[in-house]
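Worksheet: one structure, shown below.
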Amino acid sequence: MENPILKLKNNISQLTETQRRVADYILKNPVDVAFLTVDQLALIVKTSTTTIMRLTFSLGYSGYAEFQKGLQELLRNSAAPQIRLETNLKELDESDLWIRCAESQVSNIQSTVDMISTESLNKALDMIVSADRIFCTSVRSGLPVAEHLSFGLNRLLGNSELIVSDLSDWVDKGITLTSKDLVIATSFPRYARRTVDFVTAAKSNDAKVISITDSYSSPLVKYSDLVLPCSSSSIAFHNSPIASMLVADYLVSAIAINYPEKTKERLDKITAILTQINYHYND
């Protein structure tokens with residue numbers, strides 16, 4: 001996704017005086033502009049719609065509508081939480097909040113299915129089953145994904161560990177990583193620096209890296225052997241883990257189904273122990 005704010009800043013010196021006045025208003029009021037019509041913006045800035053259209057043309061957009069769409073996406077996916085919430089509230093009807101939330105998640109899942117190929121998923125499975133050790137890492141909104149993935153893979157393979165990258169403990173693990181190890185990192189905007197640091201350290205030791213992230217512009221991408229892009233938008237302020245949780249659940253399920261020779265004996269032993277200690281509730 002192109003960043004319209006960045007494009008505006010980079011090209012502002014080439015704009016006319018009137019266009020700069022429009023650009024200045026956009027930079028100071030991006031949330032308002034994201035939902036103003038071109039006529040409304042022209043009235044506020046006291047200029048013509050033609051001036052605004054020429055401004056968007058000069059930035060490489062087909063018109064104001066395309067520029068505005070890019071601005072809306074930027075605010076939803078990359079801005080601070082309070083800005084994202086304010087942006088979403090602009091077009092939200094509270095009476096259909098539950099339906100909108102469900103529709104948003106269905107859209108995220110469909111978008112994720114469209115972005116990830118079967119070949120990519122098969123490659124991920126190969127990387128997982130061939131790794132000596134697997135470290136699933138994330139923080140904040142991505143942490144439930146890492147936890148689910150780590151628990152599932154460890155239950156099946158016995159070599160997976162959760163690393164909360166906000167904590168410094170990963171440094172001790174990081175220096176022991178080798179080319180036979182795999183790091184699966186999950187991160188969404190605004191990307192956590194510590195997760196990127198861990199992935200950077202892993203790559204410097206030749207470990208393999210799978211990234212579960214929102215786009216190919218994520219800072220994790222350049223350190224990754226494989227990227228599994230997942231839509232993470234929500235109707236409020238946060239990154240949603242729902243679509244990426246689907247990917248994590250698929251990986252766990254596919255390992256169990258496709259590699260029974262690696263997992264069945266281990267699952268049988270675990271089940272026997274849980275039964276022996278009467279772990280599960282029975283009325």
Side-chain angles (χ1 to χ4, degrees), residues 109 112-113 115-165 167 169-170 172-174 176-188 195 198-199 202-203 205-213 220 223-230 232 240-282:
I109 290 172
T112 299
V113 169
M115 288 190 291
I116 301 178
S117 66
T118 301
E119 291 75 16
S120 292
L121 292 170
N122 289 339
K123 182 178 178 180
L125 296 177
D126 289 340
M127 293 171 69
I128 289 169
V129 297
S130 62
D132 280 359
R133 297 181 298 172
I134 303 169
F135 298 96
C136 301
T137 186
S138 189
V139 298
R140 296 179 177 269
S141 60
L143 193 54
V145 181
E147 289 174 331
H148 184 67
L149 196 52
S150 178
F151 172 79
L153 295 180
N154 197 59
R155 174 57 57 94
L156 294 171
L157 303 173
N159 63 348
S160 181
E161 182 177 342
L162 175 68
I163 298 290
V164 181
S165 47
L167 306 178
D169 295 355
W170 65 259
D172 301 299
K173 299 288 184 183
T176 70
L177 290 170
T178 73
S179 59
K180 296 180 180 180
D181 295 322
L182 172 65
V183 172
I184 306 178
T186 303
S187 186
F188 304 113
T195 302
F198 182 33
V199 169
K203 205 62 196 166
N205 283 341
D206 297 322
K208 301 295 187 299
V209 175
I210 296 174
S211 289
I212 299 175
T213 189
L220 294 180
Y223 304 106
S224 302
D225 298 280
L226 178 66
V227 178
L228 300 177
C230 299
S232 61
S240 170
I242 301 302
S244 51
M245 189 69 82
L246 170 66
V247 173
D249 197 66
Y250 168 81
L251 293 175
V252 173
S253 299
I255 293 292
I257 294 168
N258 294 340
Y259 300 91
E261 72 285 354
K262 291 181 72 71
T263 62
K264 186 178 183 303
E265 182 179 358
R266 180 175 170 82
L267 288 176
D268 287 342
K269 289 181 179 179
I270 291 172
T271 299
I273 293 173
L274 292 175
T275 301
Q276 182 181 356
I277 65 175
N278 197 26
Y279 180 82
H280 296 105
Y281 175 80
N282 291 304

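Contact between Phe188 and Cys230 at its shortest, heavy atoms only, is CE2-O, 4.1 Å. Closest of all the heavy-atom pairs between Val183 and Ala202 is CG2-CB, 3.7 Å. Nearest heavy atom pair, residue Val199 against residue Ala185, reads CG2-CB, 3.5 Å. The shortest heavy-atom contact between Ile163 and Phe135 is CG1-CD2, 3.9 Å. The nearest pair of heavy atoms linking Ala207 to Leu177 is CB-CB, 4.2 Å. Heavy atoms only, all atoms of each residue included: Leu182 and Val209 are closest at CD1-N, 4.1 Å.
Residues Thr195 and Ser165 have side chains that bring a donor and an acceptor to within less than 3.5 angstrom of each other.
A search for salt bridge (charged side-chain N to carboxylate O under 4.0 Å, His left out) contacts involving Asp225 returns Lys203, not counting sequence neighbours. Applying the salt bridge (charged side-chain N to carboxylate O under 4.0 Å, His left out) test to Lys123 and every residue at least two apart in sequence or in another chain returns nothing. By the salt bridge (charged side-chain N to carboxylate O under 4.0 Å, His left out) test, Lys208 is found to be paired with no residue, residues two or more places apart in sequence or in another chain being considered. Taking the salt bridge (charged side-chain N to carboxylate O under 4.0 Å, His left out) definition, one finds that Glu161 meets it with Lys173, sequence neighbours left out.
Judged as a salt bridge (charged side-chain N to carboxylate O under 4.0 Å, His left out), the pairs with a partner in residues 126-139 (not counting sequence neighbours) are, in order, Arg133-Asp181.
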Please tabulate, one pair per line, all N/O donor-acceptor pairs under 3.5 Å involving side-chain atoms of residues 250-258, not counting sequence neighbours.
unit_1, atom_1, unit_2, atom_2, d
Ser253, OG, Asp249, O, 2.9
Asn258, ND2, Ala254, O, 3.4

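Residues Ser120 and Leu226 have side chains in contact (heavy-atom distance under 4.5 Å, counting atoms from C-beta outward).
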